[in-house]
Protein chains: 2
Amino acid sequence: MSEEQFLRAYDPRDYPAVAVTVDVVALTIRDGALHLLLIQRAEPPFEGCWALPGGFVRPDEDLGAAARREFAEETGLGGEQLRRVHFEQLASYGTPDRDPRMRIVSVAHLAFAPDLPEPQAGSDASAAQWLPVSALASRQLAFDHERIVADGLERARSKLEYTPLATRFVGDEFTIAELRAVYETVWGHPLHPGNFHRKVLSVPGLVESTGQTTAHGGAKGGPRAKLYRAGDARLLHPALLRPGREETVR
Amino acid sequence: MSEEQFLRAYDPRDYPAVAVTVDVVALTIRDGALHLLLIQRAEPPFEGCWALPGGFVRPDEDLGAAARREFAEETGLGGEQLRRVHFEQLASYGTPDRDPRMRIVSVAHLAFAPDLPEPQAGSDASAAQWLPVSALASRQLAFDHERIVADGLERARSKLEYTPLATRFVGDEFTIAELRAVYETVWGHPLHPGNFHRKVLSVPGLVESTGQTTAHGGAKGGPRAKLYRAGDARLLHPALLRPGREETVR
DNA sequence: GCAATAGTGTCTTTAAGACACTATGAG
DNA sequence: CTCATAGTGTCTTAAAGACACTATTGC
């Protein structure tokens, strides 16, 4: 059999043996901890297992649109709440045996959201919940979703450094301390409040002042904090680098 | 229904017919200029048009393996030469009408190679060539490949900053000046030789000395240069940042 | 008053960049 | 010899981090 004949025999136009799905690594911050959105699968394979929200891409549907739709469908979130969620493509996963049904290539997406209400499980799921990322180690996920989550978390941690991503995790108006809490939560390190404050204000376009302050001081006292909104920068320069990365470099 | 029964009753044809391809943005440096590998399509659609090397992913073939195979097939390069080419996934492109034949999702990959010989066109291509990136503006590419190339170039420029990617464009042993030429070529800026030299040696794990020097001085004179090989760093810290990025931040 | 926090001042250390300079080798 | 280049020295500036301190609020 010649190479050309071989290629013909497996022509995907005649035998669509591959399916394309999207999976969504949705992250938010609740109660001062980073949370990941998981659904409990209502159907095989991996029935009853926890997994990332996702599903098949529809004909004539863009990849990003499919991610948004699946996120909305499987969580019951929509409208204004969906508008404040930021989506971006993460990577594609296509190991031949990653799904027992058939060959499936999944285009994983990342979603970053400010604090959202508890999700309502959609049709494909028997449950949906925000799980603290710290509790992930004790929960097995379906398919290769643990790998996808790990990649997504590393991408999120990295993007905090050189993009204004952190502002996606807070409300439209926020204090510097709230922004610092995002960094501390996602990176898992405490940061120096004074130096962080000065740094955030010194990066052009990261935040802009609203001229307002919080109505009250903090719960345990302290002065009212100035309120800011996200600035117009798309890249941070100079970046906010994670402290103590020298060891992870090799 | 048990999980096993479900899998047996599962019919892949119930799911929408989407095909998955890989496309490869292969970059190398020839004659001091950044070059991109293009093939001339031998079959419709876009017959006769220049395009990225790529093709359908085979059953039971990993995405990265498909990219490597397509690169090898459509260029006639293989063996030891292929070993020195570094592949990584770039992003996936799945706009519904990006291919006139049917719904095709393409998982684009980046390939970085030291200077390779002129490619030999494979079965799907009537020609293959390394095209200087500077000449891209005057050549229309098939499908959405211009967008993919733009994304790939930006990714390459960015990865030079914080990874040892530049060492993939030179031979196993190289001088600091050769490494600097890579940065200058990919970024399109001249760099200060003295400062670059010191910086490269100061970043832990970027290069390690071979103890050797070049056999002769440069073509126009000058001392022999010390030879280095790639170090063991996977991330550069502190990074080698592109000069003058303040303007592109917004 | 006391504790906690917002925000600023200042100093040290590190890194980046400008510039000068020496040494080496091809022609 | 001349000229281009490898490699180093030194100074300036920018940025990161440590630490101290004041001011403002809740309790």
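Quick caveat, the model's predicted, so the values are computed rather than measured. Below, chains carry the letters A, B, ... as their sequence lines are ordered, and counting in each starts from 1.
At least one side-chain heavy atom of A:Leu141 sits less than 4.5 Å from a side-chain heavy atom of A:Leu136. Between B:His35 and B:Leu27 the shortest side-chain heavy-atom distance does not fall below 4.5 Å. Between A:Trp50 and A:Ile39, the closest side-chain pair of non-hydrogen atoms is not below 4.5 Å.
Shortest non-hydrogen contact noted between A:Leu227 and A:Glu173 is CD1-OE1, 3.8 Å.
Of the residues near DNA chain D, A:Gly217 and B:Ile176, the one whose nearest nucleotide (by heavy atom distance) lies more toward the 5' end is B:Ile176. Mapping B:Leu241 and B:Ala219 onto DNA chain C by nearest heavy atom places B:Leu241 closer to the 5' end of the strand.
When the side-chain nitrogen and oxygen atoms of B:His197 are compared with OP1 and OP2 of D:dG7, one or more of them lie within a distance under 4.0 Å. The phosphate of D:dA16 (OP1 or OP2) has a side-chain N or O of A:Lys199 nearer than 4.0 angstrom. Contact check, A:Arg224 against C:dT5: no side-chain N or O comes under 4.0 Å of OP1 or OP2.
Residue-level contact check: B:Gly222 touches the bases, meaning some heavy atom is under 4.0 Å from a base atom. If you check every strand for non-hydrogen atoms under 4.0 Å, A:Gly218 touches sugar and phosphate atoms only. Counting any heavy atom pair closer than 4.0 Å across all strands shown, A:Gly221 reaches a base atom. If you check every strand for non-hydrogen atoms under 4.0 Å, A:Ala215 touches nothing.
If you measure from atom CG of A:Leu227 to atom P of C:dA6, you get 12 Å, rounded to the nearest angstrom. Residue A:Asn195 contributes atom CG, which lies 16 Å from atom P of D:dC21 at whole-angstrom precision. For the pair B:Glu161 CD and C:dA15 C1', the interatomic distance rounds to 15 Å; values are reported in whole Å. Taking atom CG of A:Leu201 as the reference point, atom C1' of D:dA15 lies 15 Å away to the nearest angstrom. The separation between A:Leu191 atom CG and D:dA18 atom C1' is 14 Å, rounded to whole Å. Remark: C1' of D:dA15 and CG of A:Leu236 are 15 Å apart, rounded to the nearest angstrom. Regarding A:Gln212, its CD atom lies at a distance of 17 Å from the C1' atom of C:dA6, rounded to whole Å. Atom CD of A:Glu178 and atom P of C:dT5 are 14 Å apart (whole Å).
Which of D:dG17, D:dC19, C:dA4 sits closest to the side chain of A:His192 comes down to D:dC19. When each of D:dG26, C:dA23, C:dC19 is scored by its nearest atom to the side-chain atoms of B:Pro223, the top-ranked nucleotide is C:dA23. Nearest to the side chain of A:Ala225, among C:dT5, D:dA18, C:dG7, sits C:dG7. The side chain of A:Pro238 lies closest to D:dA15, out of D:dA15, C:dC19, C:dT8.
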So B:Tyr183 and B:Phe196, ring-ring contact (aromatic ring centres under 6.0 Å, His included) or not? Walk me through it.
CA-CA 10 Å; B:Tyr183 276 90; B:Phe196 181 86; 5.5 Å; yes
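In summary, the aromatic rings of A:Phe112 and A:Phe87 are positioned with their centroids too far apart to meet the 6.0 Å limit.
Taking only distance into account, the side chain of B:Arg198 never meets the base of C:dG17 through a donor-acceptor pair shorter than 3.5 Å.
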